[in-house]
There are 2 protein chains.
Amino acid sequence: MKFCSQCGHPVNWQTPSGDHRPRFVCPACHTVHYQNPRIVAGCLPLWGEQVLLCRRAIEPRRGLWTLPGGFMENNETMEQAAARETLEEACAQVEGLELYTLFDLPHIHQVHVFFRARMVDANFAVGEESLEVQLFHEAEIPWPELAFPTVGHTLEYFFKDRLHQLYPVRNEPLAPLSAIPITSLNKPDR
Amino acid sequence: MKFCSQCGHPVNWQTPSGDHRPRFVCPACHTVHYQNPRIVAGCLPLWGEQVLLCRRAIEPRRGLWTLPGGFMENNETMEQAAARETLEEACAQVEGLELYTLFDLPHIHQVHVFFRARMVDANFAVGEESLEVQLFHEAEIPWPELAFPTVGHTLEYFFKDRLHQLYPVRNEPLAPLSAIPITSLNKPDR
């Protein structure tokens, strides 16, 4: 941020009076511009024993597999955001959404939230942001080709929890991506 | 938003190409300015049978009682935000935070998240944004003087769940405040 979005004047990076941390502050109109983490909401769409994954057509992680999800918009709930993204990316309708995993990613100012969800029917198709959409049994999951750690963790928890049919809601922080081999991040399209 | 925060040019309200909804878009540098819901994180601080509440010293809802909480900041987790707000508003240290309630408030572009938390000791004090801080037994909760519906719902769930010592994580949407009597919203300081 370089300019005040209210008056167009260049902003300063300073700690407002009565605050504890630096913000972008406009010296002309005195607006304080707060910046906060964003929520990425997604689904774990289930069809019988199978899970629906999308191969990404866009960056970041183009060509890798993900659960359908994306940035939550104003004027919607997390559940609505997750269902909307599933419709947009996988052309799949879901119901019975249950909150399942919440990952804090403080280094990128995001919280990733996934819902378990039943597919309404077996219909799905390639959405605008996907190269492929496909149902996978547990043994078929392309683990080395998953786009995001939060997707991998959600799938791991799900297959473990499914053994006992108990799905506790989980919230945990995730560290930066440095542990992921660069070869899988840069994998070209197949 | 009236001006582009990247280049200072006046922005337009239009649907970017490839998008489905209108955004603030800069016609000069082509930056799309996304606006997303914000997370308010708070604690239900517990000391034995008692719950710690704060009487708000700031608007909105000045003079009414709340669980300590506030906007999640960049570079922190939801749990860290909840603990920080508890320290700032009630000068109380908490541990053993467990995710408990998540309320979607789509009409104000917020998600409120509360954690159950044990107070480390019986120390608490009036923080900068509080007029009073006090421990309450269930029978003493000032129900008509609670600042926010999400606080009331969290307390109601807690006292109900405590009977069975089972605290499932809950996620639900909340409607606008119109159902709340205006007398309690405008209650003056005591």
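Reminder, nothing fancy here: chain letters follow the sequence lines and each chain counts from 1. Everything numeric in this text was worked out from a predicted model, so none of it was measured.
Scanning all heavy atoms of the two residues, the minimum distance from Val111(A) to Met72(B) falls at CG2-CE, 3.7 Å. Minimum heavy-atom separation, Gln35(B) to Glu73(A): O-OE1, 4.4 Å.
Taking Arg38(A), Arg170(A), Met1(A) one by one and counting their heavy-atom pairs under 4.5 Å with chain B, the maximum is reached by Arg38(A).
The contact between Glu128(B) and chain A is made entirely by side chain atoms (from C-beta outward), counting heavy-atom distances below 4.5 Å. With a threshold of 4.5 angstrom between heavy atoms, Phe115(A) approaches chain B through side-chain atoms but not through N, CA, C or O. Only the side chain of His20(A) comes within less than 4.5 Å of a heavy atom of chain B; its backbone N, CA, C and O stay farther away. Of the two parts of Glu172(B), neither the backbone nor the side chain holds a non-hydrogen atom closer than 4.5 Å to a non-hydrogen atom of chain A. Using a 4.5 Å cut-off between heavy atoms, Gln80(A) does not touch chain B at all.
One distance of note links CD1 of Ile39(B) with CG of Asn36(A); it measures 9.0 Å at 0.5 Å rounding. The structure places SG of Cys4(A) at 8.5 Å from CZ of Phe3(B), a figure rounded to the nearest 0.5 Å. Thr77(A) contributes atom OG1, which lies 10.5 Å from atom CG of Leu105(B) (distance to the nearest 0.5 angstrom).
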As a quick check of understanding, evaluate side-chain hydrogen bond (donor to acceptor under 3.5 Å, both in side chains) for His107(A) and Asn75(B), giving each step before the final call. CA-CA 6 Å; His107(A) 56 292; Asn75(B) 304 308; over 6 Å; no
Going through the distances and angles, do Val113(B) and Leu102(A) end up as a side-chain contact (heavy atoms from CB on, under 4.5 Å)? CA-CA 11 Å; Val113(B) 179; Leu102(A) 299 97; over 6 Å; no
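Leu46(B) and Met119(B) are members of different hydrophobic clusters when ILVMFWY side chains are connected at heavy-atom separations under 4.5 Å. Val151(A) and Phe136(A) fall within a single hydrophobic cluster, where Ile, Leu, Val, Met, Phe, Trp and Tyr side chains are chained together by heavy-atom contacts under 4.5 Å. At a threshold of 4.5 Å between side-chain heavy atoms, the hydrophobic network of Ile, Leu, Val, Met, Phe, Trp and Tyr places Phe103(A) and Leu97(B) in two separate groups.
Using a distance-only test at 3.5 Å, with no hydrogens or angles considered, a donor-acceptor pair links the side chain of Asp104(B) to the main chain of Met78(A). Checking side-chain atoms of Asn171(A) against main-chain N and O of Leu99(B) turns up no donor-acceptor pair under 3.5 Å.
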